[in-house]
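Just so you know, these numbers come straight off a predicted model, no measurement behind them.
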Amino acid sequence: MIVALLNQKGGVGKTTLALHLAGEWARHGQRVTVIDADPQGSALDWSQQRARECLPRLFGVVGLARDTLHREAPELARDADHIVIDGPPRVASLMRSALLAADLVLIPVQPSPFDGWASAEMLSLLGEARIYRPNLAARFLLNRCGARTVIARETAESLPDHDPPVLASTIGQRVVFADTARSGRLVSEIDEDSPATREIAAFCAEIGSIAP
Ligand SMILES: Nc1ncnc2c1ncn2[C@@H]1O[C@H](COP(=O)(O)OP(=O)(O)O)[C@@H](O)[C@H]1O
Ligand SMILES: [Mg+2]
């Protein structure tokens with residue numbers, strides 16, 4: 001399966017969640033490759049930090065921030081059980097290419113009742129991709145959720161109305177995720193028995209249940 005984490009907004013958790021999805025699959029013995037489609041190369045940085053710390057290699061990270069990505073991804077997919085694409089910010093040609101490569105698009109969003117979750121442009125690019133890929137699946141993924149806030153409750157009530165639909169699994173706002181970016185680790189390697197680790201496991205299990 002080729003899963004792309006896409007949202008033109010930066011800072012929503014594309015890189016964090018791409019690495020954790022890949023890491024969770026790898027921990028279960030699956031062969032995974034991450035495509036870093038962001039010219040900033042944060043996923044590559046993470047994997048280099050990991051190598052510097054002599055941590056075991058869980059999956060390869062390939063830098064492919066170019067709009068031929070959809071032609072190169074199938075080649076990489078031949079040698080892997082899953083490909084995870086860490087998407088680019090705001091570059092329409094790269095977004096189009098990632099959308100053409102993917103079987104499943106995950107749109108991480110920080111839930112807020114005050115503004116739309118995804119930009120009109122993101123949704124129109126998704127609509128455009130579905131002309132060529134009618135079976136392309138898409139889901140919103142609520143990230144950085146506050147546990148008992150009014151915002152979280154209001155959001156939960158409006159969840160069924162969304163298109164694309166919203167994943168049942170959500171990821172909380174947890175400082176441990178910021179530590180993973182710096183240290184080249186996954187939350188499960190920092191604290192195996194933490195809420196963050198459990199959320200990532202549930203998220204990954206739910207993705208596994210969405211057949212492309
Ligand atoms: N659930 C979370 N809880 C706390 N911090 C988070 C969470 N998800 C992401 N972050 C932090 O937010 C920042 C942006 O996340 P990142 O994954 O780089 O977003 P993007 O790739 O969409 O730009 C990073 O510092 C990351 O550690
Ligand atoms: Mg990123």
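- Proximity of L142 to L167: side-chain heavy atoms (C-beta onward) are nowhere separated by under 4.5 Å.
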Practice problem: Let me see the working for V105 and L99 under side chain to side chain contact (heavy atoms under 4.5 Å, CB included), right down to the final yes or no. | Solution: CA-CA 7 Å; V105 176; L99 281 161; 3.6 Å; yes
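- Heavy atoms only, all atoms of each residue included: L55 and R185 are closest at CD1-CG, 3.7 Å.
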Derivation of the side chain to side chain contact (heavy atoms under 4.5 Å, CB included) call for L100 and R71: CA-CA 9 Å; L100 288 177; R71 279 188 251 129; over 6 Å; no
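- Counting heavy atoms from C-beta outward, L123 and P164 have side chains that approach closer than 4.5 Å.
- Residue F177 is grouped with residue F203 when hydrophobic side chains (ILVMFWY) are merged at heavy-atom distances under 4.5 angstrom, including chains of intermediate members.
- Criterion: ILVMFWY side-chain heavy atoms under 4.5 Å apart, direct or through other members. Under it, L125 and Y132 are not part of a common hydrophobic cluster.
- Between L69 and I85, the closest side-chain pair of non-hydrogen atoms falls below 4.5 Å.
- Using a 4.5 Å heavy-atom threshold, the side chains of V3 and H82 count as separate.
- Between L5 and V12, every side-chain heavy-atom pair lies at or beyond the 4.5 Å cut-off.
- Taking the six-membered ring for Trp and thresholds of 30 and 60 degrees, F59 and W46 have nearly parallel ring planes, at less than 30 degrees apart.
- Both L136 and V166 belong to a common hydrophobic cluster when Ile, Leu, Val, Met, Phe, Trp and Tyr are linked at side-chain heavy-atom distances under 4.5 angstrom.
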Worksheet item: Between N7 and Q110, does a side chain to side chain contact (heavy atoms under 4.5 Å, CB included) hold up when you go through it step by step?
Response: CA-CA 11 Å; N7 186 334; Q110 187 164 4; over 6 Å; no
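- The minimum heavy-atom distance linking D45 with Q40 is given by the pair OD2-O, 4.2 Å.
- Rounded to the nearest 0.5 Å, atoms CZ (R133) and CD (E128) are 13.5 Å apart.
- Using a cut-off of 4.0 Å between Lys/Arg side-chain N and Asp/Glu carboxylate O, K14 and D86 are scored as not salt-bridged.
- Pairing each heavy atom of C145 with each of T170, the nearest pair is SG-CB, 3.9 Å.
- Distance check: L186 CG to D191 CG gives 13.0 Å after rounding to the nearest 0.5 Å.
- Nearest heavy atom pair, residue L104 against residue A138, reads CD1-N, 4.2 Å.
- Contact of the S97 side chain with the T68 side chain is not registered, since no non-hydrogen atoms from C-beta on lie closer than 4.5 Å.
- At a threshold of 4.0 Å, the pair R90-E121 does not count as salt-bridged, since none of the basic side-chain nitrogens sits closer than that to a carboxylate oxygen.
- For Q8 (side chain) and P89 (main-chain N/O), no donor-acceptor pair under 3.5 Å exists by modelled atom type.
- Between the side chains of E206 and S169, at least one donor N or O lies within less than 3.5 Å of an accepting N or O.
- Atom CD1 of I107 and atom NZ of K9 lie 12.0 Å apart (nearest 0.5 Å).
- D81 CG to T33 OG1: the interatomic distance, rounded to the nearest 0.5 Å, is 9.5 Å.
- In this structure, L21 is not a member of the same hydrophobic cluster as I83, with clusters built from ILVMFWY side-chain heavy atoms closer than 4.5 Å.
- The structure places CZ of R27 at 9.5 Å from SG of C204, a figure rounded to the nearest 0.5 Å.
- Side-chain heavy atoms closer than 4.5 Å link hydrophobic residues (I, L, V, M, F, W, Y) into clusters, and following such links, even through other members, never connects V61 to L94.
- Between the side chains of S188 and E192, no donor-acceptor pair of N or O atoms lies under 3.5 Å.
- Annotation for A4 and A98: closest pair CB-O, 4.4 Å, computed over non-hydrogen atoms.
- The shortest non-hydrogen separation linking A37 to A65 is O-CB, 3.5 Å.
- A donor-acceptor pair under 3.5 Å is absent between the side-chain atoms of D36 and the main chain of V62, judged by distance alone.
- With V84 as reference, V32 is the one residue of V32, L17, L106, L19 to meet the side chain to side chain contact (heavy atoms under 4.5 Å, CB included) rule.
- Atom CD of E199 sits about 9.0 Å away from atom CG of N143, to the nearest 0.5 Å.
- Counting heavy atoms from C-beta outward, I207 and M1 have side chains that approach closer than 4.5 Å.
- Using a 4.0 Å cut-off between a side-chain N of Lys or Arg and a carboxylate O of Asp or Glu, E53 and R50 do not qualify as a salt bridge.
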Residue pair R96, D67: steps toward the side chain to side chain contact (heavy atoms under 4.5 Å, CB included) verdict:
CA-CA 8 Å; R96 280 201 182 89; D67 50 20; over 6 Å; no
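- Proximity of P108 to L6: side-chain heavy atoms (C-beta onward) are nowhere separated by under 4.5 Å.
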